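Atom set for the values below is all heavy atoms of this structure, side chains included, hydrogens, waters and symmetry mates excluded. Chain identifiers are assigned alphabetically (A, B, ...) following the order of the sequence lines, protein sequences preceding nucleic acid strands; residue numbering begins at 1 within each chain. Being a predicted model, the structure only gives us computed values, none of them experimental.
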There are 2 protein chains.
Amino acid sequence: MKAFSAYKNPALAVDLVVFGYHEKTLSVLLLNRNEEPFKDRWTLPGAFLQMEESFQQLCSRILQTKLGMDNVYLEQLYTFDAPDRDPRGRVIAVAHYALINPKKFAVAAGKMANDVQWFPVKKIPALGFDHKEIFTKALQRLQSKIQYFPVGFQLLDEMFTMSELHELYECILGVEIDRRNFSRKILDAEYVINTGIKREGSQNRRPELFKFNKKLKQNNFQLNIS
Amino acid sequence: MKAFSAYKNPALAVDLVVFGYHEKTLSVLLLNRNEEPFKDRWTLPGAFLQMEESFQQLCSRILQTKLGMDNVYLEQLYTFDAPDRDPRGRVIAVAHYALINPKKFAVAAGKMANDVQWFPVKKIPALGFDHKEIFTKALQRLQSKIQYFPVGFQLLDEMFTMSELHELYECILGVEIDRRNFSRKILDAEYVINTGIKREGSQNRRPELFKFNKKLKQNNFQLNIS
DNA sequence: GCAAAAGTGTTCACACTACACCCATGT
DNA sequence: ACATGGGTGTAGTGTGAACACTTTTGC
């Protein structure tokens, strides 16, 4: 039995598309590279896989060390294999995307110097490597998945109003959705549970607060956007 | 700038789930391993990635050398990373699935000794490694994708009857679909073009032959199964 | 004429859209 | 009283599921 590691293998990395939702804007976390190649260019956070590490562990490592985050929604996206995608040599990137609530990691904002920044998805700068392609694929995945699967709650607080959820969907999908029909669909699908609590401090009528229904039996939800 | 290949990296392989449709049955190609580990067990065909090779190229290499096939529909499925998935050491597998028409590769049947065989998806034997998991994921992907995307034509001949297409969908999805409603949906979505030719040799009325509409503008198709 | 598969049409119910109206709260 | 956002209801339309009938062919 041969030892594979004796052979030359391509390097294996994970790149992360970290989505955050804040002030009615969907954003992505980017790092400003401080070394070649692509020095001073914005890129997705990433790291190389260690020999005994799972993707999950590596993702956590990236999120913790570079971004001070933990315990977030993660999903494998796609594996990018273009032989010339990294000028340093052959690097295969297993892209993942994460959904986080930026508010929860405000503590880590100290680390957030000029070299780590949120960028609205509508205003992504030029990216190094093939990261633009990765980002685009991640956004598409999120947009299609949110139409039939309860993803997106990870971007909000524990409790949220129907309006906030509605705005999130409109923001991610980039379309207008009828407020009342949306509400009915969410309720019919039993995506959320009414906590009975109402949010105080509003200028108008106090909206009801909902939380995500974690014990969702079967998924009836289907949004049908263009 | 460091040379990555100097470091120890996990080995990188591609495993293939090759689907074929024949005599109203969806099948998968399996290889009988003739070496350890999992000697004499059935496994998915696969191979290790070479340093300058793309996934696409590697898939072609596997299909050609092991199976005598070429020019097939291919799609990346998922990347499997469990550290213990291969007893020989750390191997990451980038799974792909392929759709082929077995009839077209009947020539290669000479190669098809006891060690390469089609297995109906309903009768998959115990598989080595984590290949059962890979197979399951591939089938699920195919089942969901066929409901909204014109995949599946690759499994049929160039020209086919509506009944054949209908049977294919029922077979892949494992449900009954109303013949007439199905036909209307396929036609409305402009998935197919009526060639005007009718198939001879039938015992009954001669069915019209269709071919896949390759110039499909936008995809209206949506099947909505269970 | 009969059986069996292929082609076409029709009804009906429900789901989704597009609305309107009332309620609660601050100014 | 009014403006603003929140909560609920309803009428109409269109799509899709369920179903029936006619046509073509071999025996």
Side-chain angles (χ1 to χ4, degrees), chain A residues 23-24 146-148 156-157 159-171 173-211 213 218-226, chain B residues 23-24 144 146-149 156-157 159-171 173-211 213 218-226:
Chain A
E23 295 186 348
K24 305 184 184 181
I146 203 174
Q147 292 185 50
Y148 65 89
L156 298 173
D157 292 346
M159 293 200 283
F160 48 85
T161 67
M162 190 57 81
S163 293
E164 286 167 350
L165 189 61
H166 178 235
E167 272 162 4
L168 173 67
Y169 273 69
E170 284 193 334
C171 176
L173 292 170
V175 293
E176 288 211 337
I177 306 169
D178 184 275
R179 178 175 70 90
R180 297 148 291 189
N181 294 334
F182 176 80
S183 172
R184 184 151 359 110
K185 273 195 174 176
I186 293 287
L187 259 19
D188 286 353
E190 297 184 322
Y191 261 29
V192 295
I193 296 166
N194 193 331
T195 62
I197 308 169
K198 290 180 197 294
R199 168 164 298 162
E200 302 294 325
S202 159
Q203 294 232 287
N204 311 311
R205 179 172 179 171
R206 273 81 212 253
E208 292 169 332
L209 285 169
F210 297 89
K211 61 180 180 181
N213 179 8
Q218 55 174 3
N219 189 356
N220 294 318
F221 191 70
Q222 183 68 46
L223 207 55
N224 298 326
I225 296 299
S226 56
Chain B
E23 294 185 348
K24 306 184 183 181
S144 57
I146 203 173
Q147 292 185 51
Y148 64 89
F149 199 79
L156 297 174
D157 293 346
M159 294 200 283
F160 47 85
T161 67
M162 189 59 81
S163 291
E164 286 167 350
L165 189 62
H166 177 236
E167 272 162 3
L168 173 67
Y169 273 69
E170 283 192 337
C171 176
L173 292 170
V175 293
E176 287 210 340
I177 306 169
D178 185 272
R179 179 175 69 89
R180 296 148 292 189
N181 294 335
F182 175 80
S183 172
R184 184 153 359 114
K185 273 194 174 176
I186 293 287
L187 258 18
D188 287 352
E190 297 185 322
Y191 261 30
V192 296
I193 296 167
N194 194 330
T195 61
I197 309 170
K198 290 179 196 296
R199 168 163 298 162
E200 302 294 326
S202 159
Q203 294 235 286
N204 312 310
R205 180 172 179 170
R206 273 82 210 255
E208 292 169 334
L209 285 168
F210 297 89
K211 59 181 181 180
N213 179 8
Q218 56 174 5
N219 190 355
N220 294 318
F221 191 70
Q222 183 66 46
L223 207 55
N224 299 325
I225 296 299
S226 60

Go nucleotide by nucleotide along DNA chain D from the 5' end; which of B:Asp178 and A:Thr161 gets its closest nucleotide reached first? A:Thr161

When you get a sec, tell me which of [options] is the closest nucleotide to the side chain of [X]?
X: A:Asn204; options: D:dA17, D:dG5, C:dC16; result: D:dG5
X: B:Arg184; options: C:dT10, D:dG7, C:dT25; result: C:dT10
X: A:Lys185; options: C:dA6, C:dC16, D:dC19; result: C:dC16

[X] vs [Y] side-chain heavy atoms within contact, under 4.5 Å:
X: B:Asp178; Y: B:Arg180; result: yes
X: A:Gln147; Y: A:Leu173; result: yes
X: A:Asp188; Y: A:Asn220; result: no
X: B:Lys198; Y: B:Glu208; result: yes
X: A:Gln222; Y: B:Gln222; result: no
X: B:Leu165; Y: B:Tyr191; result: no

Got more than 12 heavy atoms from elsewhere within 6.0 Å of NZ, A:Lys185? yes

Would one find more than 12 heavy atoms of other residues, nucleotides or ligands at under 6.0 Å from atom CD of A:Glu190? no

Report the distance from atom [atom1] of [X] to atom [atom2] of [N], rounded to the nearest whole Å.
X: A:Phe221; N: C:dC16; atom1: CZ; atom2: C1'; result: 13 Å
X: B:Glu208; N: D:dT24; atom1: CD; atom2: P; result: 12 Å
X: A:Phe182; N: C:dC19; atom1: CZ; atom2: P; result: 20 Å
X: B:Arg206; N: C:dA4; atom1: CZ; atom2: P; result: 18 Å
X: B:Glu167; N: C:dA4; atom1: CD; atom2: C1'; result: 14 Å
X: B:Glu164; N: C:dA5; atom1: CD; atom2: C1'; result: 13 Å
X: B:Ile177; N: D:dC19; atom1: CD1; atom2: C1'; result: 17 Å
X: A:Ile225; N: C:dC16; atom1: CD1; atom2: C1'; result: 12 Å

For A:Ser163, which contact category applies under a 4.0 Å heavy-atom criterion: base, sugar-phosphate, or nothing? sugar-phosphate

Expected output is a numbered-order residue list: members of residues 186-203 of chain A with a heavy atom under 4.0 Å from any atom of DNA chain D. What is it? none

Full working for side chain to side chain contact (heavy atoms under 4.5 Å, CB included) between A:Leu187 and A:Phe210: CA-CA 10 Å; A:Leu187 259 19; A:Phe210 297 89; 4.1 Å; yes

Every protein N/O within reach of nucleotides 21-23 of chain C N/O, cut-off under 3.5 Å:
residue : atom : partner  : partner atom : Å
C:dC23  : O2   : A:Arg205 : NH1          : 3.0

